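Okay, so here's the structure we're looking at.
Quick note on labels: first sequence line is chain A, next is B, and so on, each numbered from 1. Only a predicted model underlies this, so the values are computations on that prediction, with no experimental measurement involved.
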Amino acid sequence: MSILTSKETDYAQWYNDLILKSGLAENSAVRGCMVIKPYGFALWENMRDELDKRFKETGHQNAYFPIFIPKSFLSKEAAHVEGFAKECAVVTHYRLKNDPDGKGVIVDPEAKLEEELIVRPTSETIIWNTYKNWIQSYRDLPILVNQWANVVRWEMRTRLFLRTAEFLWQEGHTAHATKEEAIEETEKMLDVYASFCEEYMALPVIKGVKTANERFAGAEETYCIEALMQDGKALQAGTSHFLGQNFAKAFDVKFADKDNKMEYVWATSWGVSTRLIGGLVMAHSDDQGLVLPPKIAPLHVVIVPIYSKDVAAREKIDQYAKNLVKELRSKGIRVKYDDDDTTRPGWKFAEYELKGVPVRVALGARDMEQNVAEVARRDTKEKMSLSLDNLAISIQELLDTIQQNMYNKALQYRSEHYTKVDSWEAFQEVLKTKGGFVAAHWDGTSETEEKIKELTKATIRCIPLNNPPEEGVCVFTGAPSKQRVLFAVAY
RNA sequence: CGGGGAGUAGCGCAGGCCGGUAGCGCAUCUGGUUUGGGACCAGGGGGUCGCAGGUUCGAAUCCUGUCUCCCCGACCA
């Protein structure tokens with residue numbers, strides 16, 4: 001019996017059921033804000049730890065900046081305020097008092113702030129205000145800083161992980177002496193994100209740059225990685241922005257170069273968020289529950305004993321299992337021996353499938369006699385009988401196989417949902433029938449982009465970085481075009 | 001902010017039209033039998049029916065107001 005709405009029936013409902021039932025997160029008392037439950041947070045910790053390692057390997061350090069931003073800061077960069085003003089939470093008072101007319105508390109009108117504080121929707125402004133004091137000379141550059149933080153964007157409509165009013169993320173903010181170096185940094189971090197997604201999340205992504213319409217508010221160029229979900233919709237999985245000198249100019253951050261000339265500093269910022277968890281879920285999971293790639297799974301292996309009345313057999317199973325646990329742990333494999341006798345094996349099987357544990361080992365008296373264990377993989381649901389000799393090694397290899405298989409499967413799905421089209425009819429038809437990425441010529445204007453969005457809901461996800469030049473005509477207006485861009489309906 | 005739907009036990013719901021002891025499934029607790037795909041039997045506990053008024057001898061049910069949540073749109077990582 002399945003407890004999830006099937007993907008086929010209602011993809012959105014399936015996603016929601018899955019997040020709730022698998023125990024990743026739930027809605028909270030605050031509209032639009034979620035509670036990330038221990039299992040979901042364990043996923044985030046694994047992602048965070050690996051990303052953090054990669055940031056440090058590329059020379060970055062962590063720091064922390066305030067959650068509050070003075071209102072005046074946000075307005076210093078014109079495009080930036082335009083982009084975020086509509087979704088900011090504002091702190092206006094600093095004190096409550098007992099309601100003189102009854103029970104409860106009210107905001108103390110005496111405690112109004114001189115200048116309102118914005119709960120950060122992103123930290124460019126407070127950070128660049130800080131960098132101003134950190135940078136005088138070219139010797140102070142580059143500054144390569146990352147922060148792990150929460151941010152708040154007051155979204156109209158929210159969905160667990162994909163779009164919440166508050167979310168967790170990391171934001172890197174770097175300062176450089178030259179434009180070239182800043183662009184190099186922007187691209188380097190995009191590569192870090194892309195390889196992380198592909199190697200750890202088993203999530204193939206397309207690297208590209210955004211059109212002016214989709215660009216980050218305040219950026220000169222927004223690089224992105226785009227992933228494809230199982231319903232044919234695209235998900236922006238990470239962004240890396242070349243900010244030019246916009247923030248340096250807004251916050252007057254100059255440095256003396258080697259020739260003692262004053263120059264504005266060049267900037268980048270880049271981030272990924274808990275949204276990635278939503279992408280991970282939507283890219284791999286099925287009607288039985290989560291399917292997690294081993295490298296990210298909180299638990300790699302669960303061992304389920306099949307007990308019987310035979311006490312001697314039970315002890316034998318326990319003993320073997322405990323040794324196996326020890327051996328797997330010594331190989332760095334996260335394993336749980338579920339010998340809880342209050343639930344039965346069938347219940348556990350279903351439960352761990354729901355939770356997406358990559359490998360399940362069942363051990364019963366019958367197996368022990370034959371010197372085997374039943375090993376089931378979550379990604380293919382295949383069950384096999386493996387020898388107890390060298391079982392830990394077999395499992396270790398199986399985990400690698402699963403990781404690779406999940407990536408291949410996602411990649412194959414994406415290949416099958418990547419369609420080149422050359423006519424407006426085909427464009428609409430592909431979006432309607434199979435979805436996915438549509439590679440089409442575009443005349444380069446925002447007007448056409450907007451019009452296409454209006455008519456099909458599809459937006460330009462990116463102009464791929466490895467795009468071959470190709471003469472063609474815009475699929476919508478027929479105007480000349482020199483390359484294809486990727487359209488998709490997106491989350 | 002527009003359009004739809006819903007608030008009744010921890011979760012999912014019925015009851016409402018036609019007012020009269022608040023019910024069902026799951027979960028939970030106790031005891032027992034079980035254990036190879038979400039076990040079974042027996043017994044038990046748990047509710048100011050979103051909130052505030054009103055009508056009435058009597059309101060989950062009728063009336064008025066109000067709040068909240070969910071879904072679809074506009075906005076967005």
Can you tell me how far P in B:G46 sits from the matching atom in B:U30, rounded to whole Å?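 Roughly 16 Å separates the two P atoms.
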Under 4.0 angstrom between [X] side-chain N/O and [N] OP1 or OP2:
| X | N | result |
| --- | --- | --- |
| A:Arg159 | B:C70 | no |
| A:Lys309 | B:U34 | yes |
| A:Arg366 | B:G36 | no |

Across the strands shown, which category fits [X] at heavy-atom distances under 4.0 angstrom: base, sugar-phosphate, nothing?
| X | answer |
| --- | --- |
| A:Leu235 | nothing |
| A:Gln236 | sugar-phosphate |
| A:Thr164 | base |
| A:Tyr491 | nothing |
| A:Lys457 | sugar-phosphate |
| A:Ala365 | base |

- Cationic tip of A:Arg461 within the cone over A:Phe487's six-membered ring, i.e. under 6.0 Å and within 45° of the normal?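 Ring-cation test returns no.
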*Compare all side-chain heavy atoms of A:Ser123 with those of A:Gln147 and state whether any distance is below 4.5 angstrom.*
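Sidechains of A:Gln147 and A:Ser123: in contact.
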Query raised in the report: Hey, would you say the A:Phe216 and A:His80 ring centroids sit under 6.0 Å apart?
Result: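 Centroid distance A:Phe216-A:His80: below 6.0 Å, so yes.
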Do NZ/NE/NH1/NH2 and the carboxylate oxygens of A:Lys207 and A:Asp191 come within less than 4.0 Å?
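Salt bridge: yes.
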For RNA chain B, whose closest nucleotide is more 5', that of A:Leu354 or that of A:Ser308?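 Per heavy-atom nearest nucleotide, the more 5' residue is A:Ser308.
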**Request:** Using heavy atoms to find the nearest nucleotide of RNA chain B for A:Arg314 and A:Arg31 separately, return the residue whose nucleotide is more 5′.
**Result:**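 Here A:Arg314 is the residue nearer the 5' end.
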ask   = Donor-acceptor pair under 3.5 Å: do we get one between A:Arg360's side chain and the base of B:G37?
value =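 Such a pair exists between side chain and base.
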### Message
Ignoring hydrogens and geometry beyond distance, is the side chain of A:Lys383 in donor-acceptor contact with the base of B:G37 at under 3.5 Å?
### Response
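Present.
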